[in-house]
Amino acid sequence: MKRSGAQGWWPVYSGRGSCPEYRRGFYGPHTGEEIFEICVGAILTQNTAWTSALAALACLNKAGALGPGAIALMRPARLERLIRPSGFYRRKAGRLKIFSRYLIKKHPEGLQKWFLRTSAGDLRSELLTLEGIGPETADSMVLYAGGKPKFVIDAYTARIFGRLGLVTGKYEEIQYAFESALPADHRIYNEYHALIVAHGKDFCRKTRPRCAGCPLNRLCKCTRGTYDN
DNA sequence: TACCAGGTCCTCG
DNA sequence: CGAGGACATGGT
């Protein structure tokens, strides 16, 4: 996958950034505003194409609603309308409100201080207590927003490594396999996961994967032309 | 036209 | 627990 190069994942509107730039090669530390935006993006992109989540993020930004106070106070109908392009908008609006209210109530010192002084494992556990934040969303927040070493497992990861015949199991089992095999460095986890996503989109697609052009073809259990058409 | 997208929660057997 | 369904818009 060397051809893919550095990915430096997670674009940001707020804070020091002003455009949805990918800012390749920047791994934090992030400002409080950036952390909040990344957390919101993590919720908006649940089972949704990133471009759709980005459209919703742009609407929030344009409305000046990219902060916990604004989201916590906003009328549900208005919040739903703003994030509509991301899909599942009623659910996600509720989740954004829960997250924002929790921040204000439980961490008035601010996201940045909270994330900075909390370990990856403790942060994950606390985030998981919130309704609407599951393992992948929590880990995305920990890794991308907090810059802490938690390996994110998503549909691409499970599919690619399952087909390769290298890793199977439930979320935490797959995660453990990666975290045991790699240095506990958030920059490495960031790049590795970004490469997995790129590979999943380009080759290891859910249906009709492009096995013929896949660089991992020879290593893969399910190649043999099985998925080629 | 169908199918899918970097999930999560709820219900049922 | 594990499978199955609901949630919803936008892109190919």
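Below, read A as the first sequence line, B as the second, and so on, with proteins coming before strands; counting in each chain starts at 1.
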(request) May I ask you to decide if the ring planes of A:His199 and A:Phe203 are parallel, tilted or perpendicular, using 30° and 60° as cut-offs? (result) tilted
(request) Between B:dG6 and C:dT12, how far apart are the P atoms? Round to whole Å, please. (result) 12 Å
(message) Under a plain distance cut-off of 3.5 Å, with no hydrogens placed, do A:Asp154 and A:Thr157 share a side-chain donor-acceptor pair?
(response) yes
(message) Between B:dT1 and C:dC7, how many Å separate the two C1' atoms, rounded to a whole number?
(response) 22 Å
(message) Using modelled atom types and a 3.5 Å cut-off, is there a donor and acceptor pairing between side-chain atoms of A:Gln175 and backbone atoms of A:Val152?
(response) no
(message) If I pick the P atom on B:dC3 and the same atom on C:dA6, what distance separates them, to the nearest angstrom?
(response) 15 Å
(message) I'd like to know if A:Lys106 pairs up with A:Glu126 as an ion pair, taking the criterion as any Lys NZ or Arg NE/NH1/NH2 lying under 4.0 Å from an Asp or Glu carboxylate oxygen.
(response) no
(request) Classify the ring geometry between A:Tyr192 and A:Phe178 as parallel (under 30°), tilted (30 to 60°) or perpendicular (over 60°). (result) perpendicular
(request) List the protein contact pattern of nucleotides 5-10 of chain C with one symbol per nucleotide (5' to 3'): B for base contact, S for sugar-phosphate-only contact, - for none; contact means a heavy-atom distance under 4.0 Å. (result) --BBSS
(request) Name the first nucleotide and the last nucleotide along DNA chain B (5' to 3') that come under 4.0 Å of a heavy atom in chain A. (result) B:dC4 to B:dC9
(message) I'd like to know if the side chain of A:His186 and the backbone of A:Lys148 have a donor-acceptor N/O pair within less than 3.5 Å.
(response) no
(request) Decide whether A:Glu136 and A:Tyr171 meet the rule of one side-chain donor and one side-chain acceptor closer than 3.5 Å. (result) no
(message) Distance check needed: C:dT12 P versus A:Lys206 NZ, whole Å only.
(response) 18 Å
(request) Using the C1' atom on both, measure C:dA8 against B:dA2 and round to a whole Å. (result) 16 Å
(message) Categorize A:Thr207 for me: base, sugar-phosphate, or nothing, with a 4.0 angstrom heavy-atom threshold over every strand shown.
(response) sugar-phosphate
Contacts table for residues 88-97 of chain A: side-chain donor-acceptor under 3.5 angstrom, sequence neighbours left out:
residue	atom	partner	partner atom	Å
A:Lys92	NZ	A:Leu44	O	2.7
A:Lys92	NZ	A:Gln46	O	3.3
A:Lys92	NZ	A:Thr48	OG1	2.8
A:Lys92	NZ	A:Ser86	O	3.1
A:Arg95	NH1	A:Gln46	OE1	2.7
A:Lys97	NZ	A:Ile71	O	2.9
A:Lys97	NZ	A:Ala72	O	2.9
A:Lys97	NZ	A:Met74	O	2.6

(request) May I ask you to say whether A:Arg124 pairs ionically with A:Asp139, meaning some side-chain N is under 4.0 Å from a carboxylate O? (result) yes
(message) Under 4.0 Å, heavy atoms only, any strand: does A:Ile133 hit a base, just the sugar-phosphate, or nothing?
(response) sugar-phosphate
(request) Just call it for A:Tyr144: base, sugar-phosphate, or nothing, with non-hydrogen atoms closer than 4.0 Å on any strand. (result) base
